[in-house]
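Data block below; observations after.
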Amino acid sequence: MVSEKELYAHLKQEFGFTRFKAGQKQVIQRLLAGGSTVAILPTGTGKSLCYQFVGTYTNQTVLIISPLLSLMQDQVEQLRLKGEKRVVALNSNLSYAAKKQILANLHQYLFIYLAPEMLNNPVVLAALTDIDLGLLVVDEAHCISAWGPDFRPDYLQLGKLRQKLGFPVTLALTATATKRVTSDMMRSLKLGRKVKVIRNSVDRPNIFLAVEKSADTQEKNQRLIQLIRSLPAPGLIYFSSKKQCDQICALLNAKSKLTVASYHAGLPAGDRYAVQQQFLGGQIDLICATSAFGMGINKPDIRYVIHYHLPENLESYLQEIGRAGRDGQQSLALILYSEQDRGLQQHLALSALPTNAELEILQNSPQLLEKSSQENQSAQLVWRYMQMGVSFPQMSAVFSQRRTEKLQALQQILAYVNTQGCRRKFILRYFDETKTPQHFRKCCQLANESFDYQQLFDLAKTKNEPNIFAGGNDYEQILKNLFKTD
DNA sequence: CGCCGTATCACTAGTGATACGGCGGTGCACTAGT
């Protein structure tokens with residue numbers, strides 16, 4: 001067992017901090033004692049420090065599975081800035097020669113970043129089994145259940161990877177996971193029953209939760225213009241359609257003094273990078289984005305996250321609103337909902353999953369399968385499953401279960417939108433937390449269309465209180481001020 | 001499922017009503033051809 005004194009000495013020496021954030025020390029101690037861990041820590045609590053600490057302390061190689069090339073790039077740069085040179089991201093950005101060079105000298109690196117798809121490469125896998133691995137990390141581990149079944153099936157293969165690597169000590173990191181998603185992760189990673197789950201509350205008390213209903217698009221657009229004119233910037237608006245993302249971006253640029261930019265997967269990589277950098281640097285006030293935006297974004301002062309469309313599910317909703325208020329100051333998470341939005345989200349939930357009819361056609365025509373796996377997403381998925389050795393009846397079962405799950409998740413977010421009760425309580429219950437939220441239970445009910453959030457921010461400012469609904473405040477008085485109720 | 005753009009119809013030549021097809025999110029790696 002490593003002493004507390006040693007832990008703090010290393011923290012100070014290596015990272016310059018004198019205190020651990022909630023959960024960090026527990027995770028590190030557990031890993032140093034050789035126990036695999038699932039860590040569910042809310043955004044902004046320094047998840048990457050957990051494995052960086054273990055790597056630098058033990059001086060044993062850490063392999064990090066990361067979902068995005070840009071995320072790997074950021075982490076590599078951060079570590080290099082800290083003075084750690086033994087870092088590499090092994091991905092398709094590298095030339096053949098560079099990759100060969102790195103693979104031949106893999107044991108020299110302390111931190112190796114890798115996308116799950118790279119593990120299909122037998123040369124990479126062989127090189128990895130050759131080194132003395134101290135720790136395997138799955139960063140953004142909710143991707144296993146969010147993306148594995150119908151978007152990036154290689155996420156389902158990570159358990160086999162662990163096995164091939166001789167079951168190294170493993171850390172699965174995420175900000176949001178229900179009990180079911182947690183057990184999904186544990187099963188996929190073959191973590192066994194001895195694994196420890198370290199879970200902090202998903203609650204972010206400084207984020208005010210609200211939903212407003214609009215009758216139609218026009219009404220919604222008017223309200224949106226009104227909102228962004230009065231709310232403090234910077235802000236973030238999520239869309240479920242690239243086209244509408246662009247259109248509303250243009251509208252908001254025309255109708256407000258803010259600098260608004262659009263961000264989605266349809267834009268060239270260079271533009272996306274530029275928009276992100278300008279947002280981080282404060283030259284852009286507001287981003288209109290699809291779900292492509294956000295992972296790895298660490299901007300502390302985002303004051304509001306508005307959803308123009310219905311979010312996909314409560315897990316992704318929490319991921320997305322979690323980007324607001326990382327500085328701990330008063331922030332707002334608002335869904336602008338109109339009944340017609342349900343159709344779009346339902347379509348998106350189901351369209352990626354091959355139907356039984358499609359499966360049958362593909363099964364009967366291997367040529368068609370191979371040909372269309374280039375352009376058609378569901379054929380591509382079937383193709384990957386086949387390579388993974390999954391039979392057609394198994395696929396059919398997996399996809400139909402997935403359809404059910406996605407529709408249930410949609411029902412849950414709809415229930416959240418329509419709830420008459422406390423929204424925070426609803427979310428905490430969904431994430432299997434029993435604690436009572438520390439705010440006046442009527443605040444959500446009272447927030448309605450005439451509510452001016454500006455008052456919320458003003459009050460937080462004048463009281464110099466990041467979370468005006470935190471314990472110890474005079475709720476009745478605050479509510480009287482805010483809602484002008486008696 | 002619901003929206004949007006285009007096609008087609010009507011009636012006395014440009015516009016309005018209806019019908020219908022297509023579209024709608026997220027990324028890795030690898031390959032072929034320049």
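In what follows, chains are A, B, ... by sequence order, proteins preceding strands, each numbered from 1.
Taking the P atoms as reference points, dG25(B) lies 16 Å from dC3(B), given to the whole Å. As rounded to the nearest Å, dA29(B) and dG33(B) have P atoms that lie 23 Å from one another. Between dC28(B) and dG5(B), the two C1' atoms lie 34 Å apart (nearest whole Å). When the P atom is compared between dT26(B) and dC30(B), the two are found 23 Å apart, to the nearest whole Å. Using P as the reference atom, dC11(B) and dA17(B) are 15 Å apart when rounded to the nearest Å. Between dT12(B) and dT6(B), the two P atoms lie 27 Å apart (nearest whole Å).
Residues forming a side-chain contact (heavy atoms from CB on, under 4.5 Å) with Lys179(A) (at least two apart in sequence, or on another chain): Arg199(A), Asp432(A). By the salt bridge (Lys or Arg N to Asp or Glu O under 4.0 Å) test, Arg162(A) pairs with no residue at all, sequence neighbours left out. Taking the salt bridge (Lys or Arg N to Asp or Glu O under 4.0 Å) definition, one finds that Asp327(A) meets it with Arg303(A), sequence neighbours left out.
The closest side-chain donor-acceptor pair between Gln412(A) and Gln408(A), if any, does not fall under 3.5 angstrom. A donor atom on one side chain and an acceptor atom on the other are not found under 3.5 Å apart for Glu312(A) and Tyr317(A).
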Handout entry: Protein-to-nucleotide contact annotation, 5' to 3' order, nucleotides 25-34 of chain B [B base; S sugar-phosphate only; - none; under 4.0 Å, heavy atom]
Key = BBBBSS----

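Note on Gln340(A): only backbone sugar-phosphate atoms sit closer than 4.0 angstrom, heavy atoms only; bases stay farther off.
Residues in residues 233-242 of chain A take part in these side chain to side chain donor-acceptor pair (under 3.5 Å) pairs, two or more places apart or across chains: Tyr238(A)-Arg323(A), Ser240(A)-Gln345(A).
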Exercise answer: donor-acceptor pairs, residues 243-254 of chain A side-chain atoms, under 3.5 Å, sequence neighbours excluded:
| residue | atom | partner | partner atom | Å |
| --- | --- | --- | --- | --- |
| Asp246(A) | OD1 | Ser262(A) | OG | 2.7 |
| Asp246(A) | OD1 | His264(A) | NE2 | 3.0 |
| Asp246(A) | OD2 | His264(A) | NE2 | 3.1 |
| Asn253(A) | OD1 | Val260(A) | N | 3.0 |
| Asn253(A) | ND2 | Val260(A) | O | 2.8 |

Residues 271-288 of chain A, side-chain donor-acceptor partners within the protein, below 3.5 Å, at least two apart:
| residue | atom | partner | partner atom | Å |
| --- | --- | --- | --- | --- |
| Arg272(A) | NE | Tyr263(A) | OH | 3.3 |
| Arg272(A) | NH2 | Tyr263(A) | OH | 3.4 |
| Asp285(A) | OD2 | Thr259(A) | N | 2.7 |

Side chains of residues 130-144 of chain A: which donor-acceptor pairs under 3.5 Å do they make with residues two or more places apart or in other chains?
| residue | atom | partner | partner atom | Å |
| --- | --- | --- | --- | --- |
| Asp132(A) | OD2 | Gln60(A) | NE2 | 3.3 |
| His142(A) | ND1 | Thr174(A) | OG1 | 2.8 |
| His142(A) | ND1 | Gln319(A) | NE2 | 3.4 |

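Protein atom CD of Gln218(A) is 15 Å distant from nucleotide atom C1' of dC3(B), rounded to whole Å. Distance CG (Leu407(A)) to C1' (dC1(B)): 12 Å, rounded to an integer number of Å.
Base pairing in DNA chain B gives the following stems of 3 or more Watson-Crick or G-U pairs, range against range and under 3.5 Å: B:1-10 with B:15-24.
Taking the syn range as angles within 90° of 0, the glycosidic angle of dA13(B) is syn.
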